[in-house]
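A note on names: the letters A, B, ... follow the listed sequences, proteins ahead of strands, and every chain is numbered from 1.
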Amino acid sequence: MASERYDHASVEKKWQERWAKEGIYRAQDSGKGKVYVLDMFPYPSGEGLHVGHPKGYIATDIYSRHMRMRGHNVLHPMGWDAFGLPAENYALQNKVHPRVAVERNIAYFKEQLAHIGFDYDWSREINTTDPAYYKWTQWIFLQLFKKGLAYMSDEPINWCPSCMTGLANEDLDGTACERCGTPVEKKKLPQWVLKITAYADRMLADLDALKWPEHIKEAQRNWIGRSEGLTFTSPVKDTSLTIDTFSAHFEAFFADTFVVIAPDHPLLPTLLEGLPNKEKILKEAQAMTDKRAAQGYDQIKEPEGIFTGRYTVDSVGNGELPIWIANYALADYGTGIVKCSAHDERDYAFAKKYNIPLKEVLEPVHVQKTGSSTFHEGEPFVEHHGVIVLLKKWDEDKYLGLRWKDAPDWGTLLTGAIEKGGGGEETARREIEEETGYTDIKSVRTLGTIHGKYYHVPKKQNRIGHTPVFVIELGSDKRVPLSQEEESKHKLVWLTPAELGSFLTPATHKYALRKLLGTAGAWTDFSNAILIEPAEFAGKVARDVREEVADYAVKKGFAKKTVTYKIKDWVFSRQRYWGEPIPIVHCPTDGPVAVPEDQLPVRLPEVEHYEPSGTGESPLANIAAWVNTTCPKCGGPAKRETNTMPQWAGSSWYYLRFMDPHNDHTLVGKDKDKYWAPVDVYVGGDHAVRHLIYARFWHKFLYDIGVVSTTEPFARLEFLGFILAEDGRKMSKRYGNVINPDDVVAQYGADAFRIYEMFMGPFENTVAWSTASIQGAARFVERIWKLAHKPLTEDPASAELESVLHQTAKKVGEDIEAFKFNTAVSQMMICLNAMEKAPALRVGQWKAFMRLLAPFAPHLAEELWAYFGEPFSIHTAAWPQYDPAKIVSNTVQVAVQVNGKTRASIELSPTAAEEEALSAARKAVEKWLTGPEKKAVYVPGRIVSFVI
RNA sequence: GCCGGGGUGGCGGAAUUGGUAGACGCACGGGACUCAAAAUCCCGCGAUCGCAAGGUCAUGAGAGUUCGAUUCUCUCCCCCGGCACCA
């Protein structure tokens, strides 16, 4: 055994066989301290594993081994997610039956996994394509059907012409099929749809308590896309119809001047009924829909519209509003019809293009964010009333600017404070005469009121200014002389609007100019806007009175409070062969009828051709013997549902089956669920939305019907970063840059491979594979092997080495629990360095180190454990306890700073008294203490800081 | 555009949550062993000035708080991820 080098191949084989034979990783269904550790189970593709796949499995392996050593009853299972398109496509390409292909692929995957030395409990292995498994997938579908949560729909669905199947919204990448990149089409097909929207609120609310990465929770919140608002109902003039419009920015509803409807809205033909040009409009609307589908919603830049000829009588009292068809309106969001106003960018642009009149009910509040007048955060605001004057020169398109003499970079318009009881126009006229001397006023008009938040430098206060804007034109240069004081304050300059644009400093003045030029656009910032209608809320910030406005609208009978979601019900039918048959029979008299539960599973029949038909019919439709059946209700002739379930069905509940994989009576026994649920740690990448949202949906449903006892399936989720190929690209057969773990294990050994993958960087980071860097892990393994064969001692331990070991025991344990494997490995390397350098190494210290190493390098640790005469197996041995007292050493290096700069380092006891520390520190930095000492800070064990 | 996460040597990355920035590893340079190479071991390794002792500058940029900032606050720039004419 005491060979020179570590012969990893034979050591690994030996222990892998022994572990399997003795079944040391088998989970018991009872006992204290259960821990359920789960990987996202793989899709057994024909290409086998590359080195990126096992990263998550190594992490759960280390975590579960560590928990087992801490005395927990650990469940760490593995299985296969083998239904779905990739398996079917692979089978089609290689001219084998998908079942055969899947079996072959699983065997290869399993062999590859075995080489890495995982602690899976293979007695619980499951496979989603096994009839004994999919029986329960079908059973769940039947329960959904019985509760009305699985229903048939005729709504057009996303159809991928390349994959020849319908897809759910979640299966899209923008407007293309996520799998093959082909743009999807809208296709009308009768579909099974699952009512995931019924669970949207609960899925949203329960996210908060989950120990999941923030970006995944956020992705789910975005996907659910909950939006609260009001729905207004108004009659359509000259018809018996009413329309509903949804608005989330309803505070400004008195500004609504027109209505838009989506070009593909189902109500459109009815709406146009009786109009002479109905057909023409419908044709144009269809063209708009087609154009939008061709280029994708996100490519629409230019608003386009068609007037329908209809008007709605606004329930709020805004009069008769014209109804337009607009290319930016979406039929499947909200009600598909929107009331529009000047306070929305798209609506504004649309109205401008088609000369639809607009009305404003929000006055902008400009917040000064640059320069010396930037408002001071947290300080109160003082109300200030004034005027802004755009003074137009006689005979010329130039306006008056003021350049301030005591602030040369400060350019403004003419302004003035409104004195008590004074009016705006009166103030404006007075200011013109006082500040400029001009007296010949030809005309006065107003551009409305604007508001500003800024810091008033002379008075040293935050202000919120309320200022009507006047445009005043002079008739001539008639002037009275200015006072000395006014003359000295600022210089008058006449500027063209373009010049004024760069001349003006305050945000409010710039906006006044844009108002004058008509380039101000829509004001859409409701948090910085003063409402002027309804009168009850005049003068209030729109966002601040949102709830009150909603209550007001409801009370007045204008609207109902409603909630809409971006998430759509889950399109659940696939027109492909390789999936779970949907357990439904279609009867001409009874409609869709559930297959009785005792007839489950509905087995996937053998077919000669399982190629997709492309007609929207599943390949199963051609098997008359299978399709034709009798109705379970009336006994008459009926046909089986021929669509299959999507790939995501089997994976939406598999974690439950691992708890009780062989149960024939129920999908999971109540006692088993009670004991094992929930999954304590779930590890995987990708699938931020789809799998994780589908599984949460099904789980909540199963909770509601009493099958499971928890409301969430995965208490904690650790998201892994991928491993890229050495060239920085994705690892793919296409690029020829795939690295097979078998080769790595053969060359460096499984343990070096495992350690390297964990040491590459933080678990959640995506890092490129480096053949050079794996050498470091291999050297680490070799050095441990070497040190094990050096003489050990029974002598008393050196305090220093003892401290490092206890630190290592603490850090490795804590880091494993926190999924910080990279720093755990680093600490073991520090420990090995210390052991190599130590004058003597005790047997007990070495054995403790072996146990810390065991989760990372299970083969090496097991071999050396046996070498030191310990009983099989190290993986069931107890995790080393650390002694906090031993971690603290007698002396520490304390830095000494003078005026914030580190000047020396002194050795002190971590508990040294302040006086002692200060005098030692003073001595060490004597030459820097060149002035009287103003202050001295002492943080025991860390730092001494002097200020002179 | 909105939201989430980031920006530290040649590279992957540490930093006890405000206390000596660069742990650990890779790469690189020098040395030992060797006939030689590999492997192994020892030393060095942010920039800059200096023979050295030592100094100065450095965690995307700029400000602020503090005795002290990679860490906290604000503004800006850049990268990654999610959502997106979503009313």
For nucleotides A21(B) and G68(B), find the distance between their C1' atoms and express it as a whole number of Å. 14 Å
N/O donor-acceptor pairs under 3.5 Å from side chains in residues 932-945 of chain A, not counting sequence neighbours:
{"unit_1": "E933(A)", "atom_1": "OE1", "unit_2": "R922(A)", "atom_2": "NE", "d": "2.9"}
{"unit_1": "E933(A)", "atom_1": "OE2", "unit_2": "R922(A)", "atom_2": "NH2", "d": "3.1"}
{"unit_1": "Y938(A)", "atom_1": "OH", "unit_2": "A912(A)", "atom_2": "O", "d": "2.8"}

W223(A)-E170(A) side chain donor-acceptor pair, cut-off 3.5 Å: yes
note: E228(A), atom CD; C86(B), atom P; distance rounded to Å ~ 18 Å
Protein-nucleotide distance (K566(A), atom NZ; C86(B), atom P), rounded to Å: 11 Å
If pairing means Watson-Crick or G-U wobble with both distances under 3.5 Å, then the partner of U75(B) is A61(B)
Whole-angstrom distance between C41(B) and A27(B), as gauged at atom P: 13 Å
Tell me what R783(A) touches on the nucleic acid: a base, only sugar-phosphate, or nothing, going by heavy atoms under 4.0 Å. sugar-phosphate
Whole-Å distance, K352(A) NZ to C85(B) C1', equals 19 Å
Re G25(B): Watson-Crick or G-U wobble partner, both distances kept under 3.5 Å, found to be C11(B)
Side chain proximity check, M835(A) to F849(A), heavy atoms < 4.5 angstrom: yes
Pairwise P distance for U8(B) and U59(B), with rounding to whole Å: 11 Å
Result for 5'-nearest mapping on RNA chain B, choosing between A248(A) and E214(A), is E214(A)
For G4(B), which nucleotide is its Watson-Crick or G-U wobble mate, given both distances must be under 3.5 Å? C80(B)
Assign G50(B) to syn or anti; the rule is syn for a glycosidic angle within 90° of 0 and anti otherwise. anti
Between A87(B) and K339(A), is there an OP1 or OP2 to side-chain N/O distance shorter than 4.0 Å? no
One character per nucleotide, please: for nucleotides 7-15 of chain B, 5' to 3', B when the base has a protein heavy atom closer than 4.0 Å, S when only the sugar-phosphate does, - otherwise. -----BSS-
Atom P, compared across G60(B) and C78(B): separation rounded to whole Å: 16 Å
Counting any heavy atom closer than 4.0 Å, what does G336(A) reach on the DNA or RNA strands: base, sugar-phosphate only, or nothing? base
Could you label the plane-to-plane angle of the W324(A) and Y354(A) rings as parallel, tilted or perpendicular, counting under 30° as parallel and over 60° as perpendicular? tilted
Span that lies between the P atom of C33(B) and that of U16(B), in whole angstrom: 43 Å
Looking at every heavy atom in both A285(A) and L268(A), which two are closest together, and how far apart are they? CB-CD2, 3.8 Å
N222(A) side-chain N/O to C86(B) phosphate OP1/OP2 under 4.0 Å: no
Rounding to a whole Å, what distance do you find between W324(A):CH2 and C85(B):P? 23 Å
Taken to the nearest whole Å, CD/E345(A) to P/C2(B) is 11 Å
Expressed as a whole number of Å, how far does the C1' atom of G19(B) sit from that of G25(B)? 27 Å
Nearest-angstrom distance from the residue atom OH of Y756(A) to C1' of C24(B): 14 Å
Atom NZ of K568(A) to atom P of A84(B): distance rounded to whole Å? 10 Å
Given ring pair (Phe, Tyr, Trp, His ring centres under 6.0 Å), test Y348(A) with F350(A) step by step and report yes or no. CA-CA 5 Å; Y348(A) 186 92; F350(A) 190 85; over 10 Å; no
Counting primed atoms plus P, OP1 and OP2 as sugar-phosphate and everything else as base, spell out the protein contacts along nucleotides 56-73 of chain B at 4.0 Å heavy-atom distance: B, S or - for each nucleotide, 5' to 3'. SS---------BS-----
Compute whether any side-chain donor of one residue and acceptor of the other, for D569(A) and T197(A), lie under 3.5 angstrom apart. yes
Distance between C1' atoms of G7(B) and A58(B) (Å, rounded): 15 Å
Assigned partner base of A39(B), Watson-Crick or wobble definition, under 3.5 Å: none
May I ask you to check whether D815(A) and T823(A) show a side-chain donor-acceptor distance below 3.5 Å? yes
Evaluate the side-chain proximity of R754(A) to I62(A): yes if any heavy-atom separation is below 4.5 Å, no if none is. yes
What is the distance from CD of Q220(A) to P of G4(B), rounded to the nearest Å? 17 Å
Side-chain donor-acceptor pairs of residues 893-903 of chain A under 3.5 Å, sequence neighbours excluded:
{"unit_1": "Q893(A)", "atom_1": "OE1", "unit_2": "S905(A)", "atom_2": "OG", "d": "2.9"}
{"unit_1": "Q893(A)", "atom_1": "NE2", "unit_2": "E907(A)", "atom_2": "OE1", "d": "2.8"}
{"unit_1": "N899(A)", "atom_1": "OD1", "unit_2": "I948(A)", "atom_2": "N", "d": "3.0"}

Residues E782(A) and R779(A) bridged, charged N to O under 4.0 Å: no
Determine whether the aromatic ring centres of Y756(A) and W769(A) lie less than 6.0 Å apart. yes
Using the closest heavy atom to pick a nucleotide of RNA chain B for each, name whichever of A777(A) or A219(A) lands nearer the 5' end. A777(A)
Which heavy atom of A924(A) sits nearest to which heavy atom of I906(A), and what is that distance? CB-CG2, 3.5 Å
Hey, what are the protein-to-nucleotides 27-31 of chain B N/O distances that come in under 3.5 Å?
none

Gap in Å between the two C1' atoms, one belonging to C11(B) and one to U75(B), rounded: 32 Å
Could you please name the partner base of U17(B), counting Watson-Crick and G-U wobble pairs only when both distances are under 3.5 Å? none
All N/O donor-acceptor pairs, side-chain side in residues 251-263 of chain A, below 3.5 Å, sequence neighbours left out:
{"unit_1": "E251(A)", "atom_1": "OE2", "unit_2": "R543(A)", "atom_2": "NE", "d": "3.3"}
{"unit_1": "D256(A)", "atom_1": "OD2", "unit_2": "K339(A)", "atom_2": "NZ", "d": "3.3"}
{"unit_1": "T257(A)", "atom_1": "OG1", "unit_2": "P357(A)", "atom_2": "O", "d": "2.9"}

Tell me which nucleotide among C86(B), G82(B), G4(B) gets nearest to the side chain of H215(A). G4(B)
